[in-house]
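Here's the structure we're looking at; comments come further down.
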Amino acid sequence: MPEVILAGAAGRIEARYSAGKTENAPIALILHPHPKAGGHMNNPVTVQLFHLFMTRGFSVLRFNFRGVQKSQGEFDSGIGELADAATALDWLQAKNPTASQFWVAGYDFGAYIGMQLLMRRPETDGFISVSPPTNAYDFSFLAPCPASGMFLHGANDSIVPTSEVERVVTKLRSQKGITIRSETVAEANHFWNDQLKEVETRVGAYIDRRMAGEVE
């Protein structure tokens, strides 16, 4: 898949892009885990999310936040990273002006940035949040959450307790007009070691149901 370079507020943003096969193919933006913990766009979970959307005909973009690998700039505690995500989405939408849907999918820190992005982009149709760091960041900005989506978490996650994710999910489920799917995988930890197949199976099934028009 081709490498693309985007012009971000902090300089060059390194990205990978896969174009859909149809003119109105839906689009998806994929966000990687925490840069200060070694996160980058080639993280296995991030790549798995990318391929899940790509194989379903989406035009998909993943990129490195500022200061990661070839992307210029320095880590900005989430503020600049949200700007990077907005820049990436602008590019993706300009490349696909007739896209039928827009989804955002993130893992760990990327899930946090993704949820902030969808609050600023009312055109969002769906989201995927894998191992969202609900104990490290305040997710109260999701009031109300503008789109239905899925949370996926590992029961053996020693970094983010399951109870913290359930707390956010419970709050979101009390809101009208959206539907939140939440699944906890018994053997999975925060890094999904040996459990990538569960990400593929569960997230893939959710996307398929949503694209078929089924209500969760």
Side-chain angles (χ1 to χ4, degrees), residues 6 13-17 26-54 58 60-66 68 71 75-92 101-121 123-139 141-142 145-154 157 159-160 164-165 168-169 172 180-183 185 188 190-192 196 198-200 202-204 206-207 210:
L6 314 181
I13 297 176
E14 178 188 18
R16 295 289 185 277
Y17 175 66
I27 59 176
L29 182 66
I30 314 299
L31 306 174
H32 71 70
H34 206 296
K36 289 297 186 181
H40 52 77
M41 67 176 175
N42 293 322
N43 166 273
V45 177
T46 306
V47 172
Q48 180 67 270
L49 291 171
F50 185 95
H51 281 284
L52 281 169
F53 284 97
M54 182 183 71
F58 282 66
V60 197
L61 182 74
R62 72 182 194 268
F63 68 94
N64 280 323
F65 289 120
R66 58 185 61 196
V68 177
S71 289
F75 180 68
D76 194 33
S77 301
I79 299 171
E81 288 72 22
L82 177 57
D84 294 342
T87 294
L89 177 54
D90 288 343
W91 183 92
L92 186 58
Q101 290 193 22
F102 162 59
W103 286 60
V104 60
Y107 163 48
D108 180 74
F109 176 78
Y112 168 63
I113 298 298
M115 298 302 283
Q116 290 192 82
L117 182 66
L118 72 87
M119 286 297 295
R120 290 159 173 78
R121 297 299 183 104
E123 69 270 26
T124 307
D125 293 284
F127 70 84
I128 304 293
S129 286
V130 179
S131 303
T134 50
N135 60 333
Y137 296 97
D138 183 4
F139 278 68
F141 58 83
L142 293 168
C145 182
S148 297
M150 178 186 191
F151 285 83
L152 184 66
H153 194 67
D157 192 327
I159 296 175
V160 182
E164 285 295 311
V165 178
V168 172
V169 169
L172 293 183
I180 302 299
R181 175 83 176 181
S182 179
E183 296 190 19
V185 179
H190 189 77
F191 306 101
W192 297 89
L196 275 178
E198 290 287 348
V199 176
E200 178 184 10
R202 292 172 183 256
V203 175
Y206 176 77
I207 298 170
R210 285 287 306 275

Report summary line: d(T87 OG1, I13 CD1) to nearest 0.5 Å is 5.0 Å

Query raised in the report: Would you call the rings of F109 and F65 parallel, tilted or perpendicular if under 30° counts as parallel and over 60° as perpendicular?
Result: perpendicular

**Report entry** Flag side-chain contact, heavy atom, 4.5 Å: L52 against Q48
**Finding:** yes

Query raised in the report: What are the two closest non-hydrogen atoms of A86 and R121, and how far apart are they?
Result: O-NH2, 3.6 Å

Requested in this report: Might you point out which heavy atoms bring D125 and Q101 nearest each other, and give the distance in Å?
Outcome: OD2-CA, 3.2 Å

Query - Donor-acceptor pair, side chain of E81 and main chain of D76, under 3.5 angstrom - result: yes

Requested in this report: Considering non-hydrogen atoms only, spot the tightest contact between A105 and L49 and give its length.
Outcome: CB-CD1, 4.3 Å

Query raised in the report: With a 4.5 Å limit on heavy-atom distance, are the side chains of L29 and F102 in contact?
Result: yes

Report summary line: Between the CG atom in L142 and the CD atom in Q116, the distance rounded to the nearest 0.5 Å is 8.5 Å

Query raised in the report: Any side-chain donor paired with an acceptor under 3.5 Å for R202 and Y206?
Result: no

Query - Min side-chain heavy-atom separation W192-L152 under 4.5 Å - result: yes

Requested in this report: Could you tell me whether the side chain of S129 reaches within less than 4.5 Å of the side chain of Y112, counting heavy atoms only?
Outcome: no

Report summary line: Sorted by chain and residue number, the side chain to side chain donor-acceptor pair (under 3.5 Å) partners of T134 (sequence neighbours excluded) come out as none

Report task. Could you tell me whether the side chain of L118 reaches within less than 4.5 Å of the side chain of P146, counting heavy atoms only? Result -> yes

**Report entry** Minimum heavy-atom distance between A15 and L61, given as atom pair plus value
**Finding:** CB-CD1, 3.7 Å

Query - Check: Y17 and M54 side chains under 4.5 Å, non-hydrogen atoms - result: no

Report task. State, to 0.1 Å, how close G78 and I113 come at their nearest heavy-atom pair, and which atoms those are. Result -> O-CD1, 3.6 Å

Report task. To the nearest 0.5 Å, tell me how far L82 CG sits from S77 OG. Result -> 13.0 Å

Query raised in the report: Ring centroid separation for F127 and F151, is it under 6.0 angstrom?
Result: yes

Report summary line: For A83 and R66 the tightest heavy-atom approach is CB-NH2, 4.1 Å

Requested in this report: Please assess S71 against M41 for the test side-chain contact (heavy atoms from CB on, under 4.5 Å), listing each intermediate value before the final yes or no.
Outcome: CA-CA 11 Å; S71 289; M41 67 176 175; over 6 Å; no

Query raised in the report: Just wondering, do V168 and P132 contact through their side chains at under 4.5 Å, heavy atoms?
Result: no

Query raised in the report: Could you give the distance from CD1 (I128) to CD1 (I207), rounded to the nearest 0.5 Å?
Result: 5.0 Å

**Report entry** Main-chain N/O of N42 paired to T46 side chain as donor or acceptor, under 3.5 Å
**Finding:** no

Query raised in the report: From F53 CZ over to I30 CD1, what is the distance, rounded to the nearest 0.5 angstrom?
Result: 5.0 Å

Report task. Report yes or no: does H32 contribute a side-chain atom to a donor-acceptor pair with the main-chain N or O of R62 at less than 3.5 Å? Result -> no

Query - From I159 atom CD1 to H34 atom NE2, the distance as rounded to the nearest 0.5 Å - result: 11.5 Å

Query - Validation row: Y107, F191 side chains within 4.5 angstrom (heavy atoms) - result: yes

Query raised in the report: Does the salt bridge (Lys or Arg N to Asp or Glu O under 4.0 Å) test come out yes or no for E14 and R16, once each step is laid out?
Result: CA-CA 7 Å; E14 178 188 18; R16 295 289 185 277; 3.7 Å; yes

